[in-house]
Amino acid sequence: MTGQLQDRVAVVTGASNGIGRGIAEAFAAEGARTVLVARRAQLLDEVAAGIRSRGGEALAVPTDLTLEDEVTALFGKVTKTYGRLDVLVNNAGVATHINTEDISLQYWREVLDINITAAFLCSREAIRIMKAQTPQGGRIINIGSVSAKTPRPDSLPYTTTKFAMQGMTHQLTMDGRKHGIVASILHPGATLSSFTTRRGRTEAGPGEMPDDYVMAAEDVAKVAVLMAALPGEVNLYEATILPNHMRSFIGRG
């Protein structure tokens, strides 16, 4: 590692496993002061301990991102601890796979709360800090999905929120310019996570067929590091990373 993010303060949501954990670990390895956010305290503590054992810096802050007061408290703690915020990664989210006609209003609202409203709340609080700090500015990296390009079957709430994340990113980077705030979106394809584990994949790499390849979280994290490490005047606005043989995206119909 080359210290590309040395001493930058970075908040990563959904950091207890999968892509969020991979990004948090990669950021810490590059010298960032990482703030790990998720609901499960024990898992967060394990990730933080692992980062520290490798010489990195990590602060675990268990938070329910669907609750406004907890989000406000999270960013208050970041300011109190570090005095500034340089990077926010909005990664927390849930996947869905249910027939549209079977979706209850409560289920719909619960998915939107964590997949898009939590990202709004975190972005709002991050902007307030980034706008007021000296030097002014920072970065917001939203984790989208290839489902924001071509949806998976029977995934209406998930697909809707990932399309919404694309629009949110566009608006954030447009409105953030006057404060030196950059927003980007990263669309991963099949990546090892709790989502793939529930479908029976427990290891990254090849499967039985070429199109069964599953990326490691570290692969996605490399792109997030690149986004975060660019000069403040430069924005890698959008990136899609996916297995080369992922027919469910290239050729999906």
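Computed from a predicted structure; not experimentally measured. Position 1 is the first residue of the sequence, and the numbers go up from there.
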Closest heavy-atom pair and its distance - Arg152, Ala95:
NH2-CB, 4.3 Å

For Glu30 and Val225, work out which heavy atoms get closest and say how close.
CG-CG1, 4.1 Å

Euclidean distance, Thr96 OG1 relative to Glu110 CD, rounded to 0.5 Å:
12.5 Å

Would you find a donor on one side and an acceptor on the other, under 3.5 Å apart, between the side chain of Lys162 and the backbone of Pro157?
no

Looking at Pro153, is its backbone amide N or carbonyl O close enough to the side chain of Ser155 to form a donor-acceptor pair, meaning the two atoms are under 3.5 Å apart?
yes

From CA spacing to verdict: side-chain contact (heavy atoms from CB on, under 4.5 Å), Leu230, Arg139:
CA-CA 10 Å; Leu230 288 169; Arg139 289 184 179 271; 3.6 Å; yes

Could you tell me if Thr66 and Asp113 have a donor-acceptor pair between their side chains, going purely by distance under 3.5 Å?
no

If you apply the rule side chain to side chain donor-acceptor pair (under 3.5 Å), what do you find for Thr13 with Asn90, and how did you get there?
CA-CA 6 Å; Thr13 71; Asn90 283 315; 4.6 Å; no

Quick one: do Ile141 and Val234 end up in the same hydrophobic cluster if we chain Ile, Leu, Val, Met, Phe, Trp and Tyr together by side-chain heavy atoms under 4.5 Å apart?
yes

If I compare all heavy atoms of Ala48 with all of Ala60, which pair ends up nearest, and what's the gap?
CB-CB, 4.3 Å

Are there over 12 heavy-atom neighbours, none belonging to Lys178, within less than 6.0 Å of that residue's NZ?
yes

Count I, L, V, M, F, W, Y as connected when their side-chain heavy atoms are under 4.5 Å apart, and connections chain through other members. Are Phe120 and Trp108 then in the same cluster?
yes

cation_pi(Arg33, Tyr82) dist<6.0 Å, angle<=45
no

Please confirm whether the backbone N or O of Pro62 pairs with a side-chain atom of Arg40, one donor and one acceptor, at under 3.5 Å?
no

Show your reasoning for whether side chain to side chain donor-acceptor pair (under 3.5 Å) applies to Asn235 and Ser184.
CA-CA 7 Å; Asn235 185 9; Ser184 309; 2.6 Å; yes

Can you name the closest pair of heavy atoms from His187 and Val146 and give their distance?
CB-N, 4.1 Å

Looking only at side-chain N and O atoms, does Asp154 offer a donor or acceptor that is under 3.5 Å from a partner on Thr100?
no

Check this for me: Arg109, atom CZ, are more than 12 non-hydrogen atoms of other residues, nucleotides or ligands nearer than 6.0 Å?
no

